[in-house]
Amino acid sequence: MKLIFTFLLLTFSTYIFPQSEISKVEPFLESVISQFPNVRDIAISNDKSEVVFSAQSYMGDISALISIKKTNNTWSTPEIVSFSGQFFDLEPYFSSDGLTLYFVSNRPLDSSSNAIKDFDIWYVKRENLNSKWSSPINMGSPINTVMDEFYPVITDSGNLYFTLDNQALKQKDNIYVSEFINGKYTEPKQLSSSINSDGYEFNAFVARDESYIIYTCYNREGGFGSGDLYISYKSDNGDWTPSENMGDKINSDKMDYCPFVDETSNTLYFTSKRNSVLTTSEKQLTIVDLLAKFNTYKNGLSRLYKVLLND
């Protein structure tokens, strides 16, 4: 099912996002997220009862996957998932049935070792939604290489989209896809120049039916901040339409990244480093005032936000 974004068709292949139909960007799970220095990378189960996100240190050198679950409309206390908390884990993504969770880690292939390696895509499985997660399983070749693989997304066809920093091509981060054919993953290939460029493209969310892709472009000409969210559609001939900036009602003058869409509610969740803290004050601050200012949600650290894309 295609996302009901209500875009205006200008040409056969180009869409422009109607800014008038975007609601206000709001903090997501503010009381939970505010407990951590930096939070990014959100995965929400299809039944909306479970959220997994990456919690990171102030300097971003520590990262663990955190889970919260909803019961009777109340969220549980945040907990580190059973397989995380030792290595640098981030970027979770649920399978449609919620029984597989994909993520990125620099953990060693040998569970008896503590020596970190490059970043690979891993996954864990469970028998049902109340079961414990399995031990992490490396996706292996041809997905994982000696290079860094990031931000996995699995579509209904089984195709895997991810970000790859392929230094052998002397390029920056690009979006790749590995098609799932006859039960096996094919050699990953870059998406077209409608998506990728000579600059940085990363953190792609792809619709489960592969009808659209939302991803981050870094310092692209015409952007609003250091990183902006862009969107592209799959045309009838299978090509991606030239990507378009999602506009200043979503993007800020800071880094906006890590998109995730709940397609049943047309809600876009994403990470942003937007900052609304004023550097000066009308009066001298007390220590309470100062701490409150430091702890403002929009304080330039990575925080989670949501926006309804159309009513």
Side-chain angles (χ1 to χ4, degrees), residues 23-95 98 101-105 124 126 129-130 132-133 151-153 203 205 214 216 229 250 252 254-277 288 290-309:
S23 65
K24 184 179 179 181
V25 171
E26 299 177 345
F28 179 58
L29 296 174
E30 183 172 356
S31 61
V32 174
I33 302 308
S34 298
Q35 299 177 47
F36 303 95
N38 285 287
V39 169
R40 49 166 290 180
D41 316 321
I42 183 175
I44 303 176
S45 62
N46 268 7
D47 65 2
K48 302 181 181 63
S49 68
E50 188 172 4
V51 171
V52 179
F53 57 85
S54 306
Q56 299 185 341
S57 60
Y58 285 104
M59 297 302 294
D61 51 353
I62 301 172
S63 184
L65 295 180
I66 307 297
S67 171
I68 57 173
K69 297 183 179 181
K70 181 184 286 187
T71 304
N72 297 326
N73 210 35
T74 300
W75 289 106
S76 65
T77 301
E79 294 183 353
I80 298 177
V81 296
S82 59
F83 55 87
S84 189
Q86 183 177 4
F87 301 102
F88 198 103
D89 301 326
L90 70 167
E91 300 175 348
Y93 184 83
F94 279 108
S95 61
L101 183 72
Y102 300 87
F103 68 102
V104 172
S105 180
V124 289
R126 58 187 176 187
L129 298 181
N130 296 315
K132 294 182 178 180
W133 290 113
Y151 217 79
V153 171
N203 294 359
F205 174 87
I214 298 175
T216 299
L229 296 179
I250 291 177
S252 68
K254 300 297 188 293
M255 173 68 78
D256 299 294
Y257 60 130
C258 302
F260 175 87
V261 177
D262 172 16
E263 299 183 76
T264 61
S265 65
N266 296 332
T267 302
L268 169 65
Y269 299 85
F270 64 101
T271 307
S272 179
K273 292 186 176 182
R274 57 194 62 200
N275 190 349
S276 64
V277 179
V288 174
L290 184 64
L291 291 176
K293 203 166 201 178
F294 288 166
N295 294 321
T296 300
Y297 194 81
K298 297 180 182 180
N299 62 2
L301 299 175
S302 290
R303 295 285 185 255
L304 297 182
Y305 295 86
K306 68 175 183 177
V307 57
L308 183 63
L309 294 175

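The figures here come from the full heavy-atom set of this structure, side chains too, leaving out hydrogens, waters and symmetry mates. Position 1 is the first residue of the sequence; numbering continues from there.
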Student: Among Asp41, Ile33, Leu65, Ile44, find the residue that satisfies the side-chain contact (heavy atoms from CB on, under 4.5 Å) test when tested with Phe53.
Tutor: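 Of the listed residues Asp41, Ile33, Leu65, Ile44, the side-chain contact (heavy atoms from CB on, under 4.5 Å) partner of Phe53 is Ile33.
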Student: For Phe94 and Trp133, take the angle between the two ring planes, folded into 0 to 90°, and tell me which bin it lands in: parallel under 30, tilted 30 to 60, perpendicular over 60.
Tutor: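 It falls in the tilted class, 30° to 60°.
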Student: With the threshold set at 4.0 Å, does a side-chain nitrogen-carboxylate oxygen contact exist between Glu50 and Arg126?
Tutor: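 Yes, this pair counts.
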Student: Ser57 and Asp61: which non-hydrogen atoms are nearest, and at how many Å?
Tutor: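 Looks like OG-OD1, 2.6 Å.
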Student: State, with a plain yes or no, whether a side-chain heavy atom of Phe270 is found less than 4.5 Å away from one of Leu229.
Tutor: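 They are in side-chain contact.
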Student: Please report whether the ring centroid of Tyr305 lies less than 6.0 Å from that of Phe28.
Tutor: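 For Phe28 and Tyr305, the ring centres are not under 6.0 Å apart.
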Student: Would you indicate whether the side-chain heavy atoms of Phe83 and Phe103 approach each other to under 4.5 Å?
Tutor: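 Result yes, sub-4.5 Å side-chain heavy-atom pair found.
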Student: Answer yes or no: is there an ion pair linking Lys306 with Asp262, defined by an N-O contact shorter than 4.0 Å?
Tutor: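 Between Asp262 and Lys306 there is no salt bridge, as every charged N stays at least 4.0 Å from the carboxylate O atoms.
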Student: Do you see a donor-acceptor pair shorter than 3.5 Å between the side chains of Thr264 and Lys48?
Tutor: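 Present: a donor and an acceptor within the cut-off.
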Student: Would you compute the distance between atom CD1 of Ile66 and atom OG of Ser54 and round it to the nearest 0.5 angstrom?
Tutor: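 Output value for this atom pair is 8.5 Å.
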Student: Are Arg40 and Glu91 ion-paired here, with the side-chain N under 4.0 Å from a carboxylate O?
Tutor: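 The answer is yes: the pair qualifies as a salt bridge.
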Student: Side-chain donor-acceptor pair under 3.5 Å between Asp89 and Ser105, yes or no?
Tutor: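 Note: Asp89 and Ser105 side chains meet the donor-acceptor criterion.
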Student: Would you say Asn299's side chain and Thr296's backbone share a donor-acceptor pair under 3.5 angstrom?
Tutor: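 Looks like yes, one N/O pair under 3.5 Å.
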